[in-house]
Amino acid sequence: MSNVSICGIAKSYQPDVPVLQPIDLNIPDGELFFLLGPSGCGKSTLLRIIAGLVKPNCGKILFDGEDITELPPEKRRTAMVFQNYALWPHLTVFENVAFGLRSEGADKETVKREVEAALAVVQLSDFAKRKVTSLSGGQQQRVALARALAVKPRLLLLDEPLSNLDARLRDEMRCEIRRICKEKHLTAVYVTHDRNEALSMADRIAVMHNGVLQQVGTPQKIYGKPRNSFVAKFLGDTNLLRTEAGLISIRPECIRIGDAGEVKAELVSGTYLGDHSEWVFCTEAGEKLLVTEYAPPPRSAGETFFLSFDESRKVLLEE
Ligand code: ADP
Ligand code: MG
């Protein structure tokens, strides 16, 4: 597979409306790398620039040190998987997976061998002769994945591939895509707006906002040590506290409820969710604090408690 370097890539579709501010990233060989951010922040644009489908205004892209910025998409040896599968409805599973290989001019035996291997990886060997339209959404996405794998890409690009699937299938496919990437030692760039998808699958995540990379790091780093309030809030619920040191973020599960502690607070309301409760407290200073408590005892609104913070999990944010 490939090491990918993105050097100073910037893009505006219209003058004076920057969609990507200059972006620098290095994605090492074999990494499952996520671009995570809200809709419209420029994720698909960056992915399409890597694929060669969109031309950047400036900057370079290197695959294994080779400058491919001017190469047309078909010479880059990347493969893309989309949200809507983009399969040929009139073709069989086999023919869909064979499509890329045939257009590369592969001979009949190579096509058969590679298609069968790709279908085995996605566990669809028995479906080769079926029309794609007779398959479920999850199976169709596996076909799209097999088609991408069959051409042995240097780089796999996935743009919200699971957004059309229901929650149960999505969980299953998360594990499946990660397993395939690791088994095949693929370098992959995966775009999503779904933090759980990124946290559960990624080796590393780049959080994007308004065309700017906010932070790059492992899921643990991004969630546990967010750099600024955007990253802190985008990755999950958090409490932002103004202190002498500056703006502090502390996650709801890092606050303990007891009879003694730093902060006296009144319980305002709560949501019981079985394995945990989500409580809302109000401090004497009038600050609202969200607290997650696992194996929660019953508690009543109006009662007063003391809250203590796990110091090592307080994060000072950049402003
Ligand atoms: P994301 O994938 O994060 O949702 P996109 O990269 O699709 O974001 O879009 C980023 C911004 O660029 C949006 O404001 C979008 O409207 C704009 N945009 C995307 N593609 C085009 C295009 N072909 N022409 C003009 N504007 C575009
Ligand atoms: Mg997009």
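Ligands are counted one by one from 1 in listed order, and the atoms in each one are counted from 1 as well.
Using the six-membered ring where Trp is involved, Trp88 and His90 have ring planes that are perpendicular, over 60° apart on the 30 and 60° scheme. Ring planes of His276 and Tyr294: tilted class, angle from 30 to 60°.
The distance cut-off of 2.8 Å around the Mg ion (ligand 2) captures these protein N, O or S atoms, sorted by chain and number: Ser44 OG.
Annotation: cation-pi pair Lys129/Phe127 absent, no NZ/CZ under 6.0 Å from the ring centroid and within 45° of its normal. Under a cutoff of 6.0 Å and an axis angle of 45°, Arg299 and Phe305 form a cation-pi pair.
The salt bridge (charged side-chain N to carboxylate O under 4.0 Å, His left out) pairs that include a residue from residues 232-259 are Arg242-Glu319, where partners are two or more places apart or lie in different chains.
In terms of protein heavy-atom proximity, atom 23 (N) of ligand 1 is closest to Tyr13 CE2, 3.6 Å. Summary of contacts: the protein heavy atom closest to atom 7 (O) of ligand 1 is Ser44 CB, 3.8 Å. The protein heavy-atom contact nearest to atom 4 (O) of ligand 1 is Gly40 N, 2.6 Å. Regarding atom 8 (O) of ligand 1, its nearest protein heavy-atom neighbour is Gly42 N, 3.2 Å.
Taking 4.0 Å as the cut-off between side-chain N and carboxylate O, Arg154 and Glu66 count as a salt-bridged pair. Between Glu109 and Lys112, none of the side-chain N atoms (NZ, or NE/NH1/NH2) sits under 4.0 Å from a carboxylate O, so this pair counts as no salt bridge. Under a 4.0 Å N-O distance rule, the pair Lys182/Asp203 qualifies as a salt bridge.
Inside a 4.0 Å radius of atom 16 (O) of ligand 1 there is not any protein heavy atom. In this structure, atom 27 (C) of ligand 1 has protein heavy atoms in its sub-4.0 angstrom surroundings.
Close contacts between ligand 1 and Val19 involve ligand atoms 10 (C), 11 (C), 12 (O) [criterion: under 4.0 Å to a heavy atom].
Using a 4.5 Å heavy-atom cutoff, the side chains of Cys41 and Asn210 are not in contact. Using a 4.5 Å heavy-atom cutoff, the side chains of Val143 and Val122 are not in contact.
Across Leu35, Leu47, Thr45, heavy-atom proximity to atom 6 (O) of ligand 1 is greatest for Thr45.
Not a single heavy atom of Gly37 lies less than 4.0 angstrom from ligand 1.
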